[in-house]
Amino acid sequence: MQEALLSVGIDIGTTTTQLVISRLTLENRANPFSVPQISIAQREVLYRSGIHFTPLRSDTAIHAEGVREIVEEEYRRSGFQKGQIDTGAVIITGETARKENAKEVLNALSAYAGDFVVATAGPDLESILAARGAGADRCAREKHAAVLHFDIGGGTSNLAYFTPEGELAATGCLDVGGRLIKIADRQITYVSKALHRLADAGGPPPPGLGQTASPDLLSPVIDALVQALEQAAGLRPGRDRLDALITAGTKWTPPPGPLICSFSGGVADCMGAAPADPFLYGDLGVLLGQAIRAGFQGVDTRLGDETIRATVVGAGSHATDLSGATVFYRGISFPLKNLPVLKLTQAEEAGDAAQLAGAISSKLCWFAGGDGLTQLALALRGIHNPTYHRVQEVAQGVRQGLQPLLEAGFFPVLVLESDMAKVLGQALAPQIPGPLLCLDGIHLDSGDYLDVGAPVANGAVVPVVMKTLVFHS
């Protein structure tokens with residue numbers, strides 16, 4: 001049995017805003033006597049908007065009404081009505097997510113967002129979304145090789161490192177992007193504070209406002225930006241450029257080689273054939289893309305399946321499933337909507353209580369927006385036939401790792417692949433007061449979102465909706 005959904009993706013980034021409408025054909029691939037297993041059988045992009053510069057009122061404020069007008073006009077051009085759209089995602093990313101009025105923008109788009117995934121994605125979450133959109137995780141699995149993905153936009157470069165098993169092991173963010181310098185009529189009109197920070201750390205001095213832009217004038221700064229990326233990948237010794245441009249709160253250790261370097265973002269589009277005018281886009285993008293290509297020569301590189309549209313292009317397959325082999329819930333006000341998913345690597349999950357706690361707490365920052373931590377779902381593989389000692393060890397590690405979340409007023413939501421939710425919930429219950437939810441039989445990845453409905457069948461099963469942001473070229 002197949003079902004078609006219309007899906008919209010709206011991406012509001014540091015530099016550009018865009019919209020894509022897709023048709024997703026869903027298919028139940030389970031046999032008639034099993035729990036439904038809904039997957040996407042076909043994806044078809046029906047409409048791609050133009051790529052608009054994100055309207056700003058100032059360097060620190062998004063023009064919310066301007067964004068709404070872009071979305072409204074693109075709906076009109078597409079020929080689709082708001083009421084026809086079944087699902088989707090609105091994602092605010094990059095430096096735009098840091099702007100002081102991101103919430104105002106989401107409110108302005110409320111008429112177009114419906115019951116969609118809506119996220120103000122900090123750099124860590126954006127790293128995950130962009131890397132998955134570009135196919136970096138799939139590349140790692142198919143080639144059995146470690147992959148370091150760079151999503152290079154206007155203001156930042158988001159990094160995501162995948163193990164040869166396709167597991168996300170680390171994320172990072174650097175102030176490296178195409179619009180760190182803006183240019184109009186060959187005159188420099190804006191210079192990012194990041195470049196002054198780079199100069200203070202021994203890097204080249206940035207050009208001044210009003211200077212005439214030329215490749216020779218900008219070459220020292222561009223070379224330093226590329227060197228930061230090379231140091232992040234472990235391809236250049238030292239950390240001077242890397243440390244000067246790493247964003248506040250970001251920790252990054254260059255991964256061990258060998259690895260494949262993957263690229264997406266607007267700057268990645270400039271790594272191929274360059275336009276005749278290096279300042280065609282009014283910034284460093286073209287020159288930076290060419291410099292990255294030259295700097296990474298001799299390295300195994302790939303362009304993502306998506307480049308400028310990697311973060312969100314299409315959106316939101318809703319795959320409904322049931323959790324009920326074993327479940328544990330206490331004090332939950334159902335339904336729960338749009339919980340971002342945090343998943344540990346297999347190696348992290350296998351650690352003792354202290355190691356498990358450390359892995360969880362270190363990754364909670366992935367989901368800390370401008371107002372701090374948010375409610376999320378912790379996804380674990382779990383263990384078949386676990387011992388009593390191991391269940392207690394996992395419970396202790398989870399409780400300690402989630403302590404910052406609990407202190408922020410949220411409650412634990414655990415989703416396991418193995419059938420151990422009930423016993424883990426029972427082990428956690430004495431340690432954690434208040435609401436607690438443990439589900440099993442569900443496979444999720446970091447970057448997914450989860451809806452949880454009220455229990456059915458006399459409380460024996462819990463319906464869930466797994467929302468995977470859909471990326472498609």
Side-chain angles (χ1 to χ4, degrees), residues 13-15 59 93-99 120-131 136 146-162 168-181 191-206 220-257 259 261-268 284-285 288 291-292 295-296 299 311 358-359 361-370 446:
T14 302
T15 306
D59 288 341
T93 59
E95 287 193 328
T96 310
R98 308 176 195 170
K99 303 296 184 186
T120 301
D124 296 295
L125 182 55
E126 186 181 357
S127 296
I128 297 168
L129 299 180
V147 173
L148 176 57
H149 184 74
F150 297 88
D151 183 64
I152 307 173
T156 57
S157 292
N158 294 292
L159 283 59
Y161 176 67
F162 291 89
L168 178 69
T171 64
C173 185
L174 304 182
D175 283 320
V176 174
R179 293 187 74 77
L180 298 184
I181 293 177
V191 177
S192 170
K193 293 179 181 178
L195 297 182
H196 293 285
R197 194 170 75 240
L198 176 64
D200 292 341
V221 167
I222 291 172
D223 288 345
L225 297 180
V226 176
Q227 289 163 11
L229 299 179
E230 292 171 335
Q231 289 182 341
L235 302 175
R236 173 180 289 270
R239 293 184 57 100
D240 55 334
R241 300 293 193 246
L242 171 62
D243 288 337
L245 291 170
I246 201 163
T247 57
T250 296
K251 297 179 181 178
W252 181 259
T253 300
L259 50 75
C261 290
S262 173
F263 296 90
S264 68
V267 172
L284 299 176
L288 180 58
I292 292 171
F296 280 74
V299 179
T311 304
S361 61
S362 68
K363 289 186 174 180
L364 286 180
C365 64
W366 291 0
F367 301 93
S446 289

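Partners of Phe263 according to the ring-ring contact (aromatic ring centres under 6.0 Å, His included) rule, which considers only residues two or more places apart in sequence or in another chain, are Phe150, Phe296. In this view, Ser262 and His149, Arg302 satisfy the side-chain hydrogen bond (donor to acceptor under 3.5 Å, both in side chains) rule, not counting sequence neighbours. Partners of Ile246 by side chain to side chain contact (heavy atoms under 4.5 Å, CB included), not counting sequence neighbours, listed by chain and number: Leu174, Thr250, Trp252. Residues that satisfy the side chain to side chain contact (heavy atoms under 4.5 Å, CB included) test with Ala194, not counting sequence neighbours, are Asp175, Ser192, Arg197, Leu245. Scored by the salt bridge (charged side-chain N to carboxylate O under 4.0 Å, His left out) test, Asp223 finds no partners at all (sequence neighbours excluded).
Taking SG from Cys261 and CD1 from Ile292, the interatomic distance works out to 11.0 Å, rounded to the nearest 0.5 Å. In this structure, the separation between OG1 on Thr171 and CG on Asp151 is 12.5 Å, given to the nearest 0.5 Å. Expressed to the nearest 0.5 Å, how far CG of Leu195 lies from CG of Leu180 amounts to 5.0 Å.
Residues Leu288 and Gly178 share a closest heavy-atom pair of CD2-N, 4.1 Å. The two residues Ser362 and Cys365 come nearest to each other via the heavy atoms O-SG, 3.2 Å. Closest heavy-atom contact between Val191 and His196: CG1-NE2, 3.9 Å. Listed here is the closest heavy atom pair of Ala244 and Ala201: CB-CB, 3.7 Å. Gly358 and Ser361 get closest at one heavy-atom pair: O-OG, 3.2 Å. Shortest non-hydrogen contact noted between Val267 and Gly153 is CG2-O, 3.7 Å.
Thr156 places no side-chain N or O within donor-acceptor distance of the main-chain N or O of Cys173, the cut-off being under 3.5 Å.
In this model, no donor atom of one side chain and acceptor atom of the other lie less than 3.5 Å apart for Trp366 and Ser446.
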Indicate every side-chain donor-acceptor pair of residues 224-236 with a distance under 3.5 Å to a residue at least two apart or in another chain.
from, atom 1, to, atom 2, distance (Å)
Gln227, OE1, Arg241, NE, 3.0
Glu230, OE1, Arg236, NE, 2.9
Glu230, OE1, Arg236, NH2, 3.2
Gln231, OE1, Asp240, N, 3.4
Gln231, OE1, Arg241, N, 3.0
Gln231, OE1, Leu242, N, 2.9
Gln231, NE2, Pro237, O, 3.1
Gln231, NE2, Asp240, OD1, 2.6

